[in-house]
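None of the values given here were measured: they were computed from a predicted structure.
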Amino acid sequence: MLFVVSASHSQEEDTTNAIHFYTNTQIRDKKPVQLPKIREADVAWKKRIWRKVEFREKFNQFLYYPDVIEEQNGRESLIAIIWNALCDAKIRAFSDDEFKHELYFQGFRAKTEKIDTIRIQITDEEKGIEIDTFFINRRHFNPQSIKRMEIKEEWIVDKQRSVMDVKILGFCFSSDLEEYDPIEETFIVIGEEVLFWIRYDDPAVREVLATHAAYSEKNDFDQRSYDDIFIQRYFNSYIFKESNVFNRVIIQYATGQDALLESDRIKNELLNKEIDMWEY
């Protein structure tokens, strides 16, 4: 009798302590990480930085792919997640990085859907003249047209905790600005266009990011959310602007290798600031 009772207790303990694997579907219940709150009175130094994340860079491609929703685990790209949340009115979009001018549905849709009037010359063989023909080319939103992301952040020295913190204020997507070349009969890239800004510290935005899993190249069991990606700064980027009196970006006063050196200078200055602040 004692043997049977002890055996049954052992089985109960094994059942209670069974391992439950964390699956992709369970990330839907994940909550955003609580960010530290810094009082304005505790700020000893602050600097605003703008940086770019190139999706075509190998390390950042997990933000750009998959092209379509993965049926097995429901994983989506960062671009698709934000776009769907905007269309469902779960989050808000802005036209500026100060988040003062909100873009409503028609506003951000007009930013991503292009209507081009293309002129083509057709030869009238009977009359022997060139006739200008116009047709409308409507380009719908394509997540694959998004090539990069910009991040606006603040680097803050907190004298109360004697640490330097970085606070992400928002991010935006940008695509190549194209123009139709009638000679080559194709679209050519003539610049870069910012589509819309998303305020990162908006609770609705962080909830959307926290409930979607990001792809991990080295470990399929890794349940890192897109919110974790921002918190852990798990991306490659380069600085293209810092707050300055002229409000200009680096390429406006430095080009080529000089621009890269200027970007590295700003990065090193941030890394050394905390050491210089507390060294006596």
*asked:* If the test is side chain to side chain contact (heavy atoms under 4.5 Å, CB included), which one of Lys167, Arg161, Lys46, Glu154 qualifies with Ile38?
replied: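 Among the candidates, only Arg161 passes.
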Could you tell me which residues satisfy salt bridge (Lys or Arg N to Asp or Glu O under 4.0 Å) with [X], sequence neighbours excluded, listed by chain and number?
X: Arg92; answer: Glu102
X: Glu269; answer: Arg265
X: Asp96; answer: none

Rounded at 0.5 Å granularity, tell me how far [atom1] in [X] sits from [atom2] in [Y].
X: Arg56; Y: Tyr64; atom1: CZ; atom2: OH; result: 8.0 Å
X: Ile151; Y: Trp50; atom1: CD1; atom2: CH2; result: 13.5 Å
X: Leu63; Y: Tyr215; atom1: CG; atom2: OH; result: 13.0 Å
X: Lys147; Y: Ile79; atom1: NZ; atom2: CD1; result: 9.0 Å
X: Ile82; Y: Ile198; atom1: CD1; atom2: CD1; result: 5.5 Å
X: Ile49; Y: Glu153; atom1: CD1; atom2: CD; result: 7.0 Å

Polar side-chain atom of [X] near backbone of [Y] as donor-acceptor pair, under 3.5 Å:
X: Asp264; Y: Leu261; answer: no
X: Arg199; Y: Asp97; answer: no
X: Asn60; Y: Asn236; answer: yes
X: Asn244; Y: Arg248; answer: yes
X: Ser237; Y: Arg51; answer: no
X: Asp88; Y: Lys90; answer: no
X: Asp258; Y: Ala254; answer: no

*Are the charged groups of Glu98 and Arg48 less than 4.0 angstrom apart, N to O?*
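A salt bridge is present here (some side-chain N lies under 4.0 Å from a carboxylate O).
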*asked:* Check this for me, if you would: do Asp227 and Lys30 make a salt bridge, where the nitrogen-to-carboxylate-oxygen distance has to be below 4.0 angstrom?
replied: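 No, no charged N to carboxylate O under 4.0 Å.
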Does [X] share a hydrophobic cluster with [Y], counting links as ILVMFWY side-chain heavy atoms below 4.5 Å and allowing steps through other members?
X: Ile231; Y: Ile81; result: yes
X: Tyr238; Y: Ile266; result: no
X: Ile91; Y: Ile229; result: yes
X: Ile156; Y: Leu169; result: no

_Phe240 six-ring centre to Lys52 NZ/CZ under 6.0 Å and within 45° of normal_ =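 Flagged: Lys52 positioned over aromatic ring of Phe240.
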*Within 45° of the axis and under 6.0 Å from the centre of the six-membered ring of Tyr234, does NZ or CZ of Arg224 qualify?*
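Yes, Arg224 and Tyr234 form such a contact.
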*Relative to each other, are the rings of Phe99 and Phe94 parallel, tilted or perpendicular (30° and 60° limits)?*
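Rings of Phe99 and Phe94: perpendicular, as their planes differ by over 60°.
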May I ask you to check whether over 12 heavy atoms, not counting those of [X], lie within 6.0 Å of atom [atom1]?
X: Glu207; atom1: CD; value: no
X: Arg148; atom1: CZ; value: yes
X: Tyr104; atom1: OH; value: no
X: Gln232; atom1: CD; value: yes
X: Lys267; atom1: NZ; value: no
X: Ile251; atom1: CD1; value: no

*Just one of Phe230, Trp197, Phe235 clears the ring pair (Phe, Tyr, Trp, His ring centres under 6.0 Å) bar with Phe171, so which one?*
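Of the listed options, the one satisfying the test is Phe230.
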